[in-house]
Protein chains: 2
Amino acid sequence: MKYNSKMPSPGLFSKDDTELFAAMCKALGHPARVMIINYLKKIDRCFCGDIVELLPLAQSTVSQHLKSLKQAGLIKGEVEGPKTCYCLDKPRLEKFILMVEALGRSIQP
Amino acid sequence: MKYNSKMPSPGLFSKDDTELFAAMCKALGHPARVMIINYLKKIDRCFCGDIVELLPLAQSTVSQHLKSLKQAGLIKGEVEGPKTCYCLDKPRLEKFILMVEALGRSIQP
DNA sequence: CCAAATAATCGTTAATCTACGATAAACGAT
DNA sequence: ATCGTTTATCGTAGATTAACGATTATTTGG
């Protein structure tokens, strides 16, 4: 979507924050990727192969999902020999939580 | 993605919650839809036409985005004469926030 | 050095998404 | 009853996504 001058202030987020937030949500917008995040939260760190065992998906597909999550900044991966070890990017996740709370809290239910 | 018996417990969420959460994230995975939610949070309720003025998108496109958000349960829309009035589905948003917090909190940073 | 293991990338296919204009449907006002 | 307003839906084109197998690159162990 391209912005133009008709859009002074779309809401509570800046444009950058809107883009960032949408990108993070998009990365979480697939069950496999939600499971990966959940799994990483549970076990802290793991290799790509562990996730391939966990999910009913081909290795190449899992690798793609990991790439999406990494590009959105939600996880980090570092090469350890022939393997790659993934873990959550905790500061980034924290920022995501804060944005969700900003979006939703102080709503009177 | 289809699940199979190799997947006993994907993480902290049930399968249903995983699906629900992914669907809500997916709905928020576009800047226009984030802006709509933000706008609705700011002004509480508005008509489709207001959002068409706000965003640099055609009316039919805005209507589609509203449909996505409604299908994900994040907003509600009710017909008022020839117009449709949209507002946040606050209980649903609250659930979303709780899920995000469950996903990310109690991480030691 | 070579073989095995691991993960990323490439190429491809099918499906979904995003955007638009055009049209249809619903309603209020004249 | 008809017209104008508003919104939803339809049809479509182009881009992106999700999935796979095959291939490649890298590294470790023998």
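First the proteins, then the strands, lettered A, B, ... as listed; each starts at 1.
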message: Using modelled atom types and a 3.5 Å cut-off, is there a donor and acceptor pairing between side-chain atoms of A:Ser68 and backbone atoms of A:Gln64?
response: yes
message: I need the NZ-C1' distance between B:Lys26 and C:dC17, as an integer number of Å.
response: 8 Å
- prompt: Between atom CD in B:Glu78 and atom P in C:dC27, what is the gap in whole Å?
  reply: 14 Å
task: Return no unless some side-chain N or O of B:His65 is found under 4.0 Å from OP1 or OP2 of C:dA19.
output: yes
query: Which sits closer to the 5' end of DNA chain D, A:Val79 or A:Gly29, going by the nucleotide each is nearest to?
result: A:Gly29
query: Just by modelled atom types, is the A:Ile36 backbone N or O under 3.5 Å from a matching donor or acceptor in the A:Lys41 side chain?
result: no
Show the distances under 3.5 angstrom between N or O atoms of the protein and N or O atoms of nucleotides 7-12 of chain D.
residue, atom, partner, partner atom, Å
D:dT7, OP1, B:Cys48, N, 3.3
D:dT7, OP2, B:Gly49, N, 2.9
D:dT7, O3', B:Thr84, OG1, 3.2
D:dA8, OP1, B:Tyr86, OH, 2.3
D:dA8, OP2, B:Ser63, OG, 2.9
D:dA8, N7, B:Gln59, NE2, 2.9
D:dA8, N6, B:Gln59, OE1, 3.1

message: So if I take every side-chain heavy atom of A:His30 and compare against C:dA19, D:dA19, C:dC20, which nucleotide ends up nearest?
response: D:dA19
query: With under 30° as parallel and over 60° as perpendicular, where do the rings of A:Phe13 and A:Phe21 fit, or are they tilted in between?
result: perpendicular
query: Does one hydrophobic cluster hold both A:Val34 and A:Ile43, with members joined at side-chain heavy-atom distances below 4.5 Å?
result: yes
field: ILVMFWY cluster, B:Met35 and B:Phe47 together (side-chain gap under 4.5 Å)
entry: no
Separation of atom CE in B:Met1 from atom C1' in C:dT16, rounded to whole Å: 17 Å
task: Report the distance from atom CD of A:Glu53 to atom P of C:dA7, rounded to the nearest whole Å.
output: 10 Å
Sub-4.5 Å side-chain heavy-atom contact between A:Glu101 and A:Ile97: yes
task: Nearest whole angstrom, please: distance from the P of C:dA29 to the CD of B:Glu80.
output: 14 Å
